Amino acid sequence: MFNPQKKDFDAIEAWGLKQNPLKAIEDFSPQKLEQRWQNPHQQAAHAEYLKKREDYIQKKNFDHYYKTAEKPIDRHRWEYLKERKAWYILPLEWERFAEKEVKRVLDLGCGDGDVTQRIADYIADTWKKQGYKGHKLEITGYDLNPSRIKNAQEHCRSPHADISFTFDVCDAIGKGIPHPDRYFDYSATTGVLEILEDGPAERYMAELCRVTGKGVYVEDLADEYPGGYPRDNFEKLFNKQGFMLARHHWIMTEPFTLEGSLDPMKLWPNLKDQVMLAVRK
């Protein structure tokens, strides 16, 4: 169990995301993607991560696990992960979420709600910078796991009087999302499609797009590991649902270095990832 200290938070702050929240895009290049394997720490971290994933796959019934696992998290670790994950779950085109006509945003597969919180914070900050007083806006977080929904309910705090949170358990693939077509203006899903085989992934995408009127934000792992399904065909998947990619970027999950890791807690190897926004045609 990791236990971040103030120096660890300071190290994340030194990445400069407050000044440039899209820094991961600038930091990425195909050359760096290959050069990461020259880093001895990356090699060791990759081997350890690979073994953990292999062991995990052998021991877990994934459908049962994601629905029933108890995953409590304290506020301190929740805050650290919120800041740490901001490098690769970056706010690409999130200013759209703050537009005056936007009334509802969905975070599907919200987990512990750290991304949901960041979406709310980004909207409130954008309103403040614009000198706009705001309007009623509901952010809904759905996840398969009741334990993680409980975490989100406990830790998420509205940054603005007009922004509200709703969290609940939802099985988007098995039972569908309990809302009519285009109910939400925008939707986000992070770290979900990467663990779904093609059939479930297409059903998940279809349901997510069905309830979304304007656009969908996706973050998804692009490295291949046991239990993962990296994809490079999102344009085709979105086109099938009546959406088109407005922006897409390859990134890595932490700042590039040839020595050690700039993640003070060294939680994962430096992984290839992708972020995108698709809009309705």
Side-chain angles (χ1 to χ4, degrees), residues 15 17 21-39 41-54 56-57 62 66 81 84-94 107-111 114-115 118 187-205 208-209 215-241 243-258 261-263 266-279:
W15 291 357
L17 295 180
L22 305 183
K23 198 169 181 179
I25 296 174
E26 295 182 3
D27 190 58
F28 178 84
S29 73
Q31 293 77 20
K32 288 179 178 179
L33 191 65
E34 293 302 318
Q35 289 172 348
R36 64 184 166 146
W37 299 113
Q38 299 174 19
N39 183 340
H41 169 79
Q42 171 71 9
Q43 296 172 25
H46 164 74
E48 181 181 356
Y49 187 65
L50 184 64
K51 186 177 186 305
K52 285 181 179 178
R53 293 280 296 235
E54 288 174 339
Y56 199 56
I57 292 297
F62 270 93
Y66 284 123
L81 286 174
R84 167 64 182 89
K85 290 159 62 178
W87 176 268
Y88 63 94
I89 305 179
L90 51 90
L92 182 71
E93 298 286 331
W94 284 11
D107 184 4
L108 188 60
C110 67
D114 50 284
V115 176
R118 288 184 49 234
S187 296
T189 190
T190 60
V192 176
L193 287 157
E194 66 196 40
I195 60 171
L196 297 177
E197 296 181 27
D198 288 345
E202 289 201 18
R203 293 196 295 274
Y204 183 91
M205 285 278 286
L208 179 62
C209 291
V216 178
Y217 170 90
V218 174
E219 174 273 329
D220 215 51
L221 185 65
D223 267 338
E224 190 166 350
Y225 284 97
Y229 301 89
R231 293 182 172 85
D232 59 4
N233 64 337
F234 274 100
E235 185 169 11
K236 181 179 179 181
L237 291 173
F238 273 118
N239 283 339
K240 189 175 180 180
Q241 304 303 330
F243 284 71
M244 62 181 182
L245 283 182
R247 289 184 69 180
H248 176 281
H249 295 279
W250 300 108
I251 58 172
M252 290 188 285
T253 53
E254 63 184 65
F256 174 78
T257 180
L258 284 172
S261 170
L262 295 179
D263 177 359
K266 298 178 173 56
L267 295 178
W268 312 287
N270 198 358
L271 304 168
K272 182 183 179 183
D273 207 341
Q274 56 187 321
V275 290
M276 67 202 80
L277 183 92
V279 295

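Computed from a predicted model, the values in this text were never measured in an experiment. The basis for the numbers below is simple: all heavy atoms, side chains too, and nothing from hydrogens, waters or symmetry mates.
- Here the straight-line distance linking atom CG of Leu50 with atom CD of Glu54 works out to 4.0 Å at 0.5 Å rounding.
- At distances below 3.5 Å, not a single donor-acceptor pair connects side-chain atoms of Arg247 with backbone N or O atoms of Ala278.
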Margin query: Between Met276 and Gln274, is the side chain to side chain contact (heavy atoms under 4.5 Å, CB included) condition met? List the steps.
Written below: CA-CA 7 Å; Met276 67 202 80; Gln274 56 187 321; 3.7 Å; yes
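- Annotation: side chain of Met244 is not in contact with side chain of Phe238 (no heavy-atom distance under 4.5 Å).
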Check: Which is it for Thr253 and Trp268 under the side chain to side chain contact (heavy atoms under 4.5 Å, CB included) test, yes or no, and what are the steps along the way?
Finding: CA-CA 9 Å; Thr253 53; Trp268 312 287; 5.5 Å; no
Margin query: Run the salt bridge (charged side-chain N to carboxylate O under 4.0 Å, His left out) test on Asp223 and Arg36 for me, step by step, so that the C-alpha distance in whole Å, both residues' side-chain angles and the decisive distance to 0.1 Å come before the verdict.
Written below: CA-CA 13 Å; Asp223 267 338; Arg36 64 184 166 146; 2.9 Å; yes
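- Counting only heavy atoms from C-beta outward, the side chains of Ser187 and Leu108 never approach each other to under 4.5 Å.
- Arg231 has no carboxylate O lying under 4.0 Å from a charged side-chain N of Glu194, or vice versa, which leaves the two without a salt bridge.
- Here the CZ-CG distance, from Phe256 to Asp27, works out to 8.0 Å after rounding to the nearest 0.5 Å.
- Side chain of Asp107 to main chain of Val115: no donor-acceptor pair is present (N/O by atom type, distance under 3.5 Å, no hydrogens or angles).
- Checked against ring pair (Phe, Tyr, Trp, His ring centres under 6.0 Å), Phe243 has no partners two or more places apart in sequence or in another chain.
- Between Thr190 and Val192, the closest side-chain pair of non-hydrogen atoms is not below 4.5 Å.
- Side-chain contact of Thr189 with Tyr217: a donor-acceptor pair under 3.5 Å is absent, judged by distance alone.
- Separating the CG atom in Asn270 from the CG atom in Asp263 is a distance of 9.5 Å, to the nearest 0.5 Å.
- Put simply, the side chain of Phe28 does not reach to within 4.5 Å of the side chain of Lys23, judged on heavy atoms.
- Taking 4.5 Å as the limit, every side-chain heavy atom of Tyr88 sits out of range of all side-chain heavy atoms of Met252.
- Using a 4.5 Å heavy-atom cutoff, the side chains of Met205 and Lys240 are not in contact.
- Distance check: Ile251 CD1 to Asp273 CG gives 4.5 Å after rounding to the nearest 0.5 Å.
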Checklist line | Working for side chain to side chain contact (heavy atoms under 4.5 Å, CB included), residues Leu267 and Leu81 | finding: CA-CA 10 Å; Leu267 295 178; Leu81 286 174; 3.7 Å; yes
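- The line from CG of Leu92 to CD1 of Ile25 is 5.5 Å long, rounded to the nearest 0.5 Å.
- Summarising the geometry of Leu262 relative to Glu254, their closest heavy-atom pair is N-OE2, 3.7 Å, with the distance given to 0.1 Å.
- Counting all heavy atoms, side chain and backbone alike, Ala86 lies closest to Leu17 at C-CD1, 3.9 Å.
- When all heavy atoms are compared, the tightest approach of Leu193 to Ala201 is CD2-O, 3.8 Å.
- Closest heavy-atom contact between Arg53 and Gly228: NH2-N, 3.4 Å.
- In this structure, the side chains of Asp220 and Val275 stay at 4.5 Å or more apart for every pair of heavy atoms.
- The shortest side-chain heavy-atom distance between His46 and Tyr225 falls under the 4.5 Å cut-off.
- Both cation-pi conditions hold for Lys272 and Trp250: the charged atom is under 6.0 angstrom from the six-membered ring centre and inside a 45 degree cone around its axis.
- Gln38 CD: more than 12 foreign heavy atoms inside a 6.0 Å radius.
- Crowding of Glu235 atom CD: a count of heavy atoms from other residues, nucleotides or ligands under 6.0 Å not exceeding 12.
- Ion pairing between Asp198 and Arg203 fails under the 4.0 Å rule for side-chain N and carboxylate O.
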Note to self: Let's go through His41 and Lys266 carefully: what are the C-alpha distance in whole Å and the side-chain angles of both, what is the deciding distance for side chain to side chain contact (heavy atoms under 4.5 Å, CB included) to 0.1 Å, and is it a yes or a no?
What the structure shows: CA-CA 10 Å; His41 169 79; Lys266 298 178 173 56; 3.7 Å; yes
Next item on the list: Could you walk me through whether Lys85 and Glu219 pass salt bridge (charged side-chain N to carboxylate O under 4.0 Å, His left out), step by step?
Entry: CA-CA 11 Å; Lys85 290 159 62 178; Glu219 174 273 329; over 6 Å; no
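- In this structure, Gln43 contributes its side chain and Trp37 its backbone to a donor-acceptor pair below 3.5 Å.
- The ring pair (Phe, Tyr, Trp, His ring centres under 6.0 Å) check on His249 picks up nothing, with sequence neighbours excluded.
- With rounding to the nearest 0.5 Å, the separation of OH in Tyr229 from CD1 in Ile195 is 10.0 Å.
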